[in-house]
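All of these numbers come straight from a predicted model, not from anything done at the bench. For ligands, and for the atoms within them, numbers begin at 1 and follow the listed sequence. These numbers come from the heavy atoms of this one structure, side chains and all, not from hydrogens, waters or symmetry mates.
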Amino acid sequence: MSDHVLVINAGSSSLKYSLIDAGSGEALADGLIERIGESESHQKHRGPDGEAESSDAIGSHEDALRAALDAFETHGPSLDDLELAAVGHRVVHGGSKFSKPTLIDDALVAEVTELVPLAPLHNPANLEGIKVARRMFPDLPQVAVFDTAFHQTLPPHAYTYAVPSEWLEEHGIRRYGFHGTSYSFVSGQAARELGRDLSDLNLIVLHLGNGCSVSAVRGGRSVETSMGMTPLEGLVMGTRSGDLDPAVHGHLVRELGWSVDEIDKALNSKAGLKGLAGENDFRELSRLRDSGDANAQLAFDVYCHRIKKYVGAYYAVLGTVDAIVFTAGVGQNSADVRAVALEGLERLGIRLDPVRNADPAEDGVVSTDDSGVAVLVVPTNEEWEIARQAVDLVRG
Ligand code: AMP
């Protein structure tokens, strides 16, 4: 039986896909269709013959998936020749209901639809991806892999907000956490790099990409995480504020007459690094910083300070820490962030090796040999994790 999984990540105006060998992690092909519904959409497909790009109007997610399948036909690999084991779907919010990857049927679609109020920006798009893939691959098992599932092990004292208890009971207002697929993958990889059993390890894992979060992982189980009911809470991100005094909302309404939607939009897409420095791409931010831009420097400082604050807090939550693990675009690539965020923590047993940190070797270790806490750089691979979880589920 084949291990090939088509992994689909549907956004509100985009469709990302990868064809993954779940055994080896090899991506046989991947692609991205952006600006779905606009007059000029953009499609990119990378297969065995290299990369192909095109720009045509693609009106819907159904048209987008059809365009992706056409790209497989034209540029390969041919899906007819490869036996697919499953289609794996990234689903952002699984609420309290889903703690594991789950086979998609009508009941699951109804349950994920019920969760839309908790993730109005993400779940509708994920559902659209599921709907069109079920229509196009009616005979294949389809598996939903939830970003929140890994954090369903959070203890009540970590996931409960100090608000009237009926807010949780009646409206599901609690912390859920996200990036779970990445944490699951990276924790396992870190244990392998350290040559230790994951069940014996206490880890602080920092997922620093466009979205940023941090988790305390004890024995492979999430016990704390920085994102909350939505992916807005916690660290400073590319365009999201992270932690903010909740009274700011009322102030914006009363003093500026802002609507709820305006506030949502500002905090999700105009804040974070972009809000502080006008730039959410970390590479651009670094260029601005190097050129002496004071706003870029402040944005960098706020970003690193927030990380340091969480590392200290999660150290206290865990009691002892075996390793701090950096992953995702910024975490894997910015030696500056790693150095500044962990600066001055030697008394906690955290010692970065500047040479290793500047250019991490294959094993990803960037701490000194005498550091009490290992510091690692581990590339994440959410697509592989989704493919693996999907295959494990359909194989039983
Ligand atoms: P991700 O969401 O994991 O794709 O991460 C995207 C973020 O990683 C963007 O802010 C990129 O600018 C940043 N990034 C990617 N490559 C690098 C790099 N070489 N150095 C610094 N930041 C990077």
Side-chain angles (χ1 to χ4, degrees), residues 7 9-12 14-18 20 25 27 30-32 34 44 46 90 92 121-122 125 147 150 177-187 189-190 205-215 225-227 231-232 234-242 268-291 293 295-304 306-307 325-342 352 354 356-361 364 366 376-386:
V7 175
N9 183 352
S12 57
S14 68
L15 186 102
K16 214 169 143 186
Y17 60 89
S18 307
I20 305 282
D30 48 40
L32 174 64
E34 291 175 294
K44 205 157 53 174
R46 195 175 55 82
R90 174 182 184 221
V92 167
L121 303 175
H122 297 98
D147 270 18
F150 184 72
F178 298 85
H179 290 140
T181 315
S182 177
Y183 288 123
S184 174
F185 180 84
V186 168
S187 304
Q189 287 293 109
V205 186
L206 288 144
H207 178 110
L208 308 177
N210 276 320
C212 300
S213 70
V214 47
S215 272
T225 196
S226 60
M227 283 179 168
L232 186 56
L235 299 179
V236 176
M237 311 182 211
T239 62
R240 292 181 217 145
S241 62
N268 276 291
S269 46
K270 296 182 184 168
L273 299 174
K274 190 177 182 71
L276 287 171
E279 186 51 71
N280 58 287
D281 186 292
F282 213 86
R283 283 164 293 201
E284 285 305 317
L285 185 86
S286 302
R287 264 175 227 130
L288 287 173
R289 221 177 117 231
D290 290 344
S291 72
D293 185 299
N295 290 337
Q297 184 60 49
L298 178 64
F300 177 87
D301 292 344
V302 174
Y303 183 91
C304 293
R306 186 82 53 88
I307 294 171
V325 189
F326 285 88
T327 193
V330 178
Q332 288 164 216
N333 293 298
S334 176
D336 270 5
V337 165
R338 296 191 294 265
V340 173
L342 299 183
L352 268 194
R356 289 176 181 170
N357 186 43
D359 186 15
V366 294
L376 293 181
V377 174
V378 174
T380 191
N381 192 334
E382 289 166 279
E383 287 77 19
W384 187 9
E385 183 67 19
I386 291 173

- Task: Just say parallel, tilted or perpendicular for the rings of H207 and Y183, cut-offs at 30° and 60°.
- Result: perpendicular
- Task: May I ask you to decide if the ring planes of W384 and F185 are parallel, tilted or perpendicular, using 30° and 60° as cut-offs?
- Result: tilted
Main chain of [Y], side chain of [X]: is a donor-acceptor contact present, judged purely on distance under 3.5 Å?
| X | Y | result |
| --- | --- | --- |
| S291 | L288 | yes |
| R306 | G234 | yes |
| N357 | A335 | yes |
| T327 | T380 | yes |

- Residue, atom name and distance, where the atom is the protein heavy atom closest to atom 15 (C) of ligand 1: R283 CZ, 3.6 Å
Under 4.0 Å from a heavy atom of [X]: give me the atoms of ligand 1 that qualify, with their elements.
| X | value |
| --- | --- |
| N280 | 10 (O) |
| A328 | 3 (O) |
| G209 | 1 (P), 2 (O), 3 (O), 5 (O) |
| N210 | 1 (P), 2 (O), 5 (O), 6 (C), 9 (C), 10 (O) |

- Task: Decide whether the shortest distance between a heavy atom of L208 and an atom of ligand 1 is less than 4.0 Å.
- Result: no
Do any nitrogen or oxygen atoms of [X] come within less than 3.5 Å of a nitrogen or oxygen of ligand 1?
| X | value |
| --- | --- |
| H207 | no |
| D281 | yes |
| F282 | yes |

- Task: Output the distance between atom CG (L273) and atom OG (S241), rounded to the nearest 0.5 Å.
- Result: 11.5 Å
- Query: Is there at least one protein heavy-atom neighbour under 4.0 Å from atom 4 (O) of ligand 1?
  - Reply: no
- Query: Which of the listed options, N333, V337, L285, holds the heavy atom that is closest to atom 17 (C) of ligand 1?
  - Reply: N333
- Message: Could you tell me if E385 and N381 have a donor-acceptor pair between their side chains, going purely by distance under 3.5 Å?
- Response: no
